[in-house]
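Beneath this line is the structure, given in structure tokens, with notes to follow.
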Amino acid sequence: MPEIDIKEMEKKLRDLWEREGIYRFDRKSKQKIYSIDTPPPTVSGKMHIGHAFSYSQQDFIARYKRMAGFNVFYPFGTDDNGLPTEKLIEKTKNVKSKSMSREEFISLCLKTLKEITPEFIQDWKNLGVSCDYSIYYSTIDKNTQRLSQKYFLHLYKKGKIYKKEFPTIWDTEFQTPVAQAELEDKTQDTLFTTLKFKVKETNQDLLIATTRPELLGACVAVFINPKDKRYNKLIGKKAIVPIFNHEVPILGDESAEIEKGTGILMICSYGDKYDVDAISRHKLKPRVILNKDGTLNLPNTQYNHLRVKQARSKILEDLKSHNLITDQKKISHIVNVYEKSGVEIEFLPTEQWFIKILDKKPLLISSGKKIKWHPEHMFKRYENWIKGLDWDWSISRERHFGIPIPVWHCRKCNTIIHAEEKELPIDPTSTKKVCKTCKIATEPETKVLDTWATSSITPQISSHIMNNTIKIPYSLRPQAHDIIRTWAFYTITRSILHEKSIPWNDIIISGFVTMQGEKMSKSKGNVISPQEITEKYGVDSLRYWASSSKLGEDLDYQEKEILAGKKFITKILNATNFVFMNLQHQNKIPKLHPTDELFLLQLNKTIKEATEAFNQYNYSKAKSEADNFFWKIFADNYMEIVKYRVYNGTEEEKASAYYTLYQALLTIIKMMAPITPYITEHLYQEHFKKYEGKKSIHIESWPTLFKGKSSKSEDELWNKLIEVITLVRQEKSKAQKSMKAETILTLPKKDLSLLKPVLDDLQHVTNSTQIKEGKLSVELL
RNA sequence: GGGUGAUUAGCUCAGUUGUGGCGAGAGCAUCUGCCUUACAAGCAGAGGGUCAUAGGUUCGAAUCCUAUAUCACCCACCA
């Protein structure tokens, strides 16, 4: 049995691929281009299992397309801009960005990234992801900054980007606005308290239920449904807010639900999205009491500077002691939190930048429909998301580490001065601009662009590296389903706005990796690292596992599946060993034995199925077709059948077997090459390269069909052959005999005449001393 | 509340879309054998399923239609 050191083999082959530039995009080639808009992973130190899973899947496609004759454009990028990077640097370098100068912090980020990025990328190379790593971008590098700013200005000049003071979704932890797409749900226990307001005119109690009593100071109105017979006569009067004692109008509003709470609700600036909407609808003057850091701004009260939750319990105490609470119960409700901080979001009126998208909903949906989604139903998620959009796309962030928004403001005439294209990339804080009309110094914009505002132009970034020879739409976008509402949505939006075109023709959506049905997460402690797996079983085993799930389906981590991959590797090594043990290479197609011909026709079916499956991005079917053929038809049956001829046949019989074994094995490893690139390359280098002449199996051509027509009678003959072999094996098993036990085989006349062309092989594989005509029987000697 | 997907052997999943069809498949696990000159981390064989439930269409349904249940994900709900 051939022993190989998998780690050593992997290293050797990686070096080969790199040295020979196997995955280089050929700029001069006339072949059709297949372009992939590769997801740039967020630099985080190490690749995790979810990455390994989805990048394997997209790589199956890339490798197949390369073998199928396409000039595959498969660039690589890293996402290292924005909050996740800030967090990473703060953690690893033990610093706080807000307590450093912007310049200082940015240079620390860039320096650290330079240190850790190569090692990070190595994980992708190890996994065998066949990108052309020389076509590389980072979402913070100079070129990307220039492009991102250029495309910002492009939209700004067209009036599609605007700046507005508006209550935006605000995260008090990172102290920055965030986008609707970056919110998550979180179930929380809270107190639902009914408190007493007073009606000014009548001095009667007005009961209002709330979960946010700390916002009483921000109360600007009270709503009652005009149809609410209990209270509608109060509409038009004034209410007195408890504790704070200011007057607010009692307004009639149909959106107030009679059944909910007490039927009366208070409007505060800003408790939630409803408040934002209510205040703008009734043109109320907001009373903003929240600071950016999540503390309250209520000077001359005991609540000043308290954090929201502290203020809540303090105010509840005070209400209680003033006997202003009539009812209180514990409820569990769902709140929106920022996905990166886990902290409840607030609404704060700040000046922010937005890309207009609400007016484009129908166009964005119809454009999305032009893209082929795999699986198809993922389009619904995209559509559903767009339909539910309430806000324009918030793109500015009040952070240090991001791409600066290239504008200045003149305080006097209130105009915005933007950078010129030739100045890009530019950090407005390091350049002084004078307002041409007012002749005074302007103020630089200190906000930066959100990461998505840049990663949404990855097709443009990669194309730019290639001097725009790669055209939009790309062939393919691969990504996971959790970022349909962000990355896919934003990329489509930008492409429509800038290019008036969809960004890609196809999009493939991969699922998640779960552990016993649960999402893997560090907090649950059920995380498996891909490095751990590949160390133990090799990269191919991991990829073999990743290929077992269909697109869009979550895959549960099962060690036994990884083990199955390992078994495949061992098996194909052994099979190859047998094939080449005695083989003499056939330069010409010899006269084929009927069995060999039949077998190759069976192989044709597999080639057809696998090719079709790969063309539909159904790599899991392609793999199982090839894998099944290898295991069931090639190893378990064909190899057993030809053994006798290989050892004892005439020259002609041997030649036919040699040719067929060689061709079939080559076809099998070609079909498996996209899935398990290492072992197939190893075998190619060892045994096939000298005859086939390509530098690597990964630039070999995808298998084509063998000559000969598969017909019903051919299938019938092959199936009968296998049927009889199986029958004999059954009888031997039943009799607890060895498989080499001698037999006398009796076949009905019909079968005997059908099997005539392959009778010699049948006799040898069943080890029959004779094959007789008569009633079907297997006589063991 | 809206949307989407899933439900097939002990476990993990194919098969279902545009063509419904003779006995429903695989891997793992279980059981019984076999050292057979590629492979015992292997080979050969066996057992195991009312295809979630209830109706309907049909000569015939895992597959098409209608409900229902359970699970998962996304969105909305935050007084």
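Naming: A, B, ... by sequence-line order, numbering from 1 per chain.
Rounded to whole Å, atom P of B/A26 lies 25 Å from atom CH2 of A/Trp545. The distance from atom CD1 of A/Ile484 to atom P of B/C74 is 11 Å, rounded to the nearest whole Å. Atom-to-atom, CG of A/Asn637 to C1' of B/C43 comes out at 12 Å; the value is rounded to the nearest Å. Here the P atom of nucleotide B/G3 and the CZ atom of A/Phe379 are 16 Å apart, to the nearest Å. The separation between A/Met739 atom CE and B/C39 atom C1' is 16 Å, rounded to whole Å. The distance between atom CG of A/Asn384 and atom C1' of B/G2, rounded to the nearest whole Å, is 7 Å. Atom CG in A/Asp627 sits about 11 Å away from atom P in B/C28, given to the nearest Å.
Nucleic acid contact for A/Ala564: none, since no nucleic acid atom lies under 4.0 Å from a heavy atom of the residue. Across all strands shown, A/Gln616 has no heavy atoms under 4.0 Å from either base or sugar-phosphate atoms. Among the atoms of the strands shown, only primed sugar atoms or phosphate atoms (P, OP1, OP2) are found under 4.0 Å from some heavy atom of A/Phe192. Nucleic acid contact for A/Glu383: none, since no nucleic acid atom lies under 4.0 Å from a heavy atom of the residue. Nucleic acid contact class of A/Lys273 (heavy atoms, under 4.0 Å, all strands): sugar-phosphate only. Using a 4.0 Å heavy-atom criterion, one finds that A/Ala741 contacts no nucleic acid atom at all. Among the heavy atoms of the strands lying under 4.0 Å from A/Thr726 are primed sugar atoms or P, OP1, OP2 only; no base atom is included.
Each of A/Asp596, A/Thr595, A/Asp761 was checked for a side-chain hydrogen bond (donor to acceptor under 3.5 Å, both in side chains) with A/Tyr638, and the lone residue meeting it is A/Asp596.
Seen from the ring of A/Tyr544, A/Lys623 counts as a face-on cation partner, given the 6.0 Å and 45° thresholds.
Atom C1' of B/C39 sits at a distance of 9 Å from the matching atom of B/C43, rounded to the whole Å. A gap of 14 Å separates the C1' atoms of B/C51 and B/A6, to the nearest Å. Rounded to the nearest Å, the gap between the C1' atom of B/A62 and that of B/A24 is 8 Å.
The phosphate of B/U36 has neither OP1 nor OP2 within less than 4.0 Å of any side-chain N or O from A/Lys732. Taking only side-chain nitrogens and oxygens, A/Lys571 comes nearer than 4.0 Å to OP1 or OP2 of B/C43.
A/Trp631 and A/Phe568 have tilted rings, their planes meeting at an angle from 30° to 60° on a 0 to 90° scale.
For A/His333 and A/Phe192, the ring centers sit 6.0 Å or farther from each other. Ring to ring, A/Phe629 and A/Phe599 are close: their centroids are under 6.0 angstrom apart. For A/Phe53 and A/Trp545, the ring centers sit closer than 6.0 Å to each other.
Checked against B/A44, B/G5, B/C78, the side chain of A/Asp636 finds its nearest nucleotide in B/A44. Ranking B/C78, B/A44, B/C11 by closeness to the A/Ser733 side chain, first place goes to B/A44. Residue A/Gln730 places its side chain closer to B/G45 than to any other of B/C43, B/G45, B/A76. Nearest nucleotide to the side chain of A/Lys550, out of B/G45, B/G42, B/G15: B/G15. Comparing atom distances between the A/Glu553 side chain and each of B/C78, B/C73, B/A14 picks out B/A14 as nearest. When the nucleotides B/C78, B/C77, B/G5 are ranked by their closest atom to the side chain of A/His333, B/C78 comes out on top.
In terms of position on RNA chain B, the residue among A/Leu555 and A/Ser255 whose nearest nucleotide sits closer to the 5' end is A/Leu555. Both A/Lys621 and A/Asp390 lie near RNA chain B, and the one whose nearest nucleotide falls closer to the 5' end is A/Lys621.
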